[in-house]
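The next block holds one structure in the form of structure tokens; read it before the comments.
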Amino acid sequence: MYYKSTRDSSLRIESSAAISRGISEEGGLFIPESIPAITMEELKSLSNMTYAQRAAAVFAKYLTDFAEAELVYCTENAYSEKNFETSNIAEIAHLFDGTYMLELWHGPTCAFKDMALQILPYFLTTSVKKLSLDCKIVILVATSGDTGKAALEGFKDVPGTQIMVFYPEEGVSDMQKRQMVTQEGKNVTVCAVKGNFDDCQSGVKAIFTNNDVIKTLENGGMRFSSANSINWGRLVPQVVYYVSSYVTMASQGEIEWGEKINIVVPTGNFGNILAAYYAKMMGVPIAKLICASNVNKVLTDFIRTGIYDRNREFYATCSPSMDILISSNLERLLYLLSGENDAQIREWFTQLANEGRYEVSDDIKTSMKELFYGGYCDDAATKETIGSIYKTYGYTCDTHTAVAVKVYEDYKAETGDTTKTLIASTASPYKFSESVLSALDSSRVSGDEYAMVDTLSELSGITIPTALSELKTKERRFSGSIDKNNMKEFVLSELGLS
Ligand SMILES: *Cc1c(COP(=O)(O)O)cnc(C)c1O
């Protein structure tokens with residue numbers, strides 16, 4: 001299986017090269033040349049396997065230049081009880097009739113990003129070895145809060161790598177910030193940017209594709225890669241949990257083999273929901289993909305109108321990991337839906353860069369509507385939903401997951417669709433304690449984030465993850481903050497190259 005670029009269909013590289021480069025030189029995203037199929041028999045054969053074994057089976061279809069032993073090495077190290085609080089790696093909770101929560105936050109940083117970022121360093125170091133690249137890999141990350149910490153945990157002290165994380169100074173929760181600025185490891189840098197997530201992401205993308213910077217790194221024996229979901233090595237691990245959860249639901253009798261389910265995903269960069277789309281196109285019986293946004297509803301509007309328009313006010317919400325106006329991975333979907341028309345993709349994404357807007361063709365508008373339902377909700381509705389699920393079902397969920405639940409309720413009311421549904425639960429409620437607590441009982445909101453974590457634990461009965469409780473005593477290591485226009489200089493100086 002070769003990989004091409006969404007902006008250059010003639011490119012052919014192997015998955016190890018795609019993973020080690022992160023993004024293609026001309027600014028496109030790497031994408032497999034075809035979507036491999038998984039049959040019902042194959043799905044059934046995964047029933048008695050561990051999560052790591054299921055992952056290796058899925059990866060074997062995409063990362064065909066990796067030897068089986070290499071995939072086993074990567075998956076067994078990443079998906080073990082060393083790193084995850086549950087041997088199932090991802091848990092499925094039955095919320096109410098026909099509705100299930102796919103809990104993707106039992107990893108070391110308590111958000112779903114761990115599902116991919118625990119394995120990416122193994123993919124990357126294996127790729128570098130396979131390609132005999134004698135250089136240090138420099139990982140640049142733009143984060144809306146969760147990716148940064150998950151990447152830092154994944155890459156800390158991994159030989160031959162150095163990682164730098166940029167986060168929007170005012171755009172992350174207290175707990176997220178604290179998780180990052182206390183990060184241990186000799187090869188890590190964390191820096192706040194005066195701007196929002198899109199500024200961080202655009203800054204990082206500009207550095208990656210700046211030829212002068214690339215040359216400077218090359219001369220210094222280094223090379224960039226990305227841990228953001230623009231890297232295929234981030235995306236393919238996310239396909240696994242949709243495959244795996246279907247297998248779990250069917251083998252436990254929650255659904256019949258072959259019965260279609262809906263999937264609801266709280267969405268920002270369109271990575272997680274794109275992974276669900278890949279699972280569907282592989283052959284996992286999936287009906288509707290429900291794309292849930294907060295008030296930064298650029299995707300809801302896009303699904304409904306076919307016009308992508310980022311020229312709008314940016315809101316800081318209580319689901320900060322979805323405060324995004326440029327959803328990078330949409331590029332991969334549009335490439336596929338346009339019949340792999342790289343010229344068309346170049347045109348739209350140049351328009352997006354220059355005018356902040358593009359409009360897709362009628363055919364794509366129709367396919368978008370067939371495949372996806374887009375909805376959004378504001379902070380008040382998010383908190384109401386947290387409160388009502390807690391009261392009705394005794395289940396405590398975080399703000400991002402609540403956006404998904406609310407949009408799913410709206411979808412059901414609008415369509416009457418009773419298909420069984422899996423909702424991606426993307427973070428532990430403890431990561432957003434203040435918002436969750438204010439939704440459960442606003443009279444209990446007081447003290448610092450640790451006091452609130454304790455109160456939340458009292459109300460929810462959920463054990464506090466050690467990864468969060470131990471932050472209390474950790475020293476702050478990073479306090480820098482820079483202008484969004486100085487990211488390049490900062491990177492070069494940190495690497496000792498300026
Ligand atoms: C990153 C994140 C999202 C959004 O996921 P995308 O892949 O960017 O769409 C949703 N919820 C949480 C908690 C996240 O960390």
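Start at 1 and go down the list; that is how both ligands and their atoms are numbered. Positions are given from 1, in the same order as the sequence printed here.
Evaluation of the side chain to side chain contact (heavy atoms under 4.5 Å, CB included) rule for Lys288 yields Asn262, Ile290, Tyr373, Tyr411 as partners, not counting sequence neighbours. The salt bridge (Lys or Arg N to Asp or Glu O under 4.0 Å) check on Asp174 picks up nothing, with sequence neighbours excluded. Residues passing the salt bridge (Lys or Arg N to Asp or Glu O under 4.0 Å) test with Lys113: none are found, sequence neighbours excluded.
Ligand 1 is surrounded by Phe112, Lys113, Asp146, Pro266, Thr267, Gly268, Asn269, Phe270, Gly271, Asn272, Ser321, Met322, His400, Thr426, Ala427, each with at least one heavy atom closer than 4.0 Å.
Interatomic distance, Cys291 SG to Met368 CE, rounded to the nearest 0.5 Å: 7.5 Å.
Counting only N and O atoms by type, the side chains of Asn294 and Asp379 include no donor and acceptor under 3.5 Å apart.
Outside the 6.0 Å centre-distance limit, the rings of Tyr51 and Phe84 are not counted as a close aromatic pair.
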